[in-house]
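Before any comments, here is the structure.
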Amino acid sequence: MPFVLLVVTLLAGGLLSLLLLNGAVNQDSFELNKLQKETNGYTDEQQQLQQEVDQYAAPGGLEQRARQLGMVPGGNPAFLNPDGSVRGTPEEATAPPAPPPTSKAPPAPTGTPTATPPSGTPTGSPTGAPGTTPSAPTTPGGAHAAATTTPTPPGR
């Protein structure tokens, strides 16, 4: 009788420990599944952000944002030779003519003076509007800033 009781006790203990072990493995499996889903979400977000960065770095996107900031394509640059001489003649970057306005502005209310600059005074617009001439900054050595610009591809 004691031998049968010992075998039944060992069998019951083994089944109970197997049940607890199986529960722990299942719990870890659920945790692993949750972490894999979280990782997939982060991977998707990273890929979306990378595509966004690639769109901002694309030449078309850069040109569009530069034009929104008032920048214009540069002229022909000049290059400095190793001996310090200048090769080429730099050209000033000029803005293309402004497109004609498509809609009329409402008339100013009567009795209210409008602020207009005196005639012949250039407007200090950074957009390169007609009537403004951009001044080129100089480097400490006195070299013209256009000598350090990069060339623009032909056809632009």
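Because only heavy atoms are used, hydrogens play no part in the values below, and waters and symmetry mates are left out as well, while side chains stay in.
In terms of the side-chain hydrogen bond (donor to acceptor under 3.5 Å, both in side chains) criterion, residue partners of R67 (sequence neighbours excluded) are, by chain and number, E63.
With hydrogens and angles disregarded, a donor-acceptor distance shorter than 3.5 Å links the side chain of D83 to the backbone of S85.
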Side-chain donor/acceptor pairs under 3.5 Å, residues 36-44, sequence neighbours excluded:
{"from": "T39", "atom 1": "OG1", "to": "L35", "atom 2": "O", "distance (Å)": "2.8"}
{"from": "N40", "atom 1": "ND2", "to": "Q36", "atom 2": "O", "distance (Å)": "3.4"}
{"from": "T43", "atom 1": "OG1", "to": "T39", "atom 2": "O", "distance (Å)": "2.8"}

Side-chain donor-acceptor pairs of residues 8-20 under 3.5 Å, sequence neighbours excluded:
{"from": "T9", "atom 1": "OG1", "to": "L5", "atom 2": "O", "distance (Å)": "2.7"}
{"from": "S17", "atom 1": "OG", "to": "G13", "atom 2": "O", "distance (Å)": "3.1"}
{"from": "S17", "atom 1": "OG", "to": "G14", "atom 2": "O", "distance (Å)": "2.9"}

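Smallest separation of non-hydrogen atoms from A78 and G88: CB-O, 3.8 Å. Residues P73 and A93 come closest through the heavy atom pair O-CB, 3.5 Å.
Counting heavy atoms from C-beta on, the side chains of L49 and V53 never come closer than 4.5 Å. At a threshold of 4.5 Å between non-hydrogen side-chain atoms, the residues R65 and Q68 count as touching.
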Legend entry - Worked check of side chain to side chain contact (heavy atoms under 4.5 Å, CB included) between N81 and V86: CA-CA 6 Å; N81 291 323; V86 178; over 6 Å; no
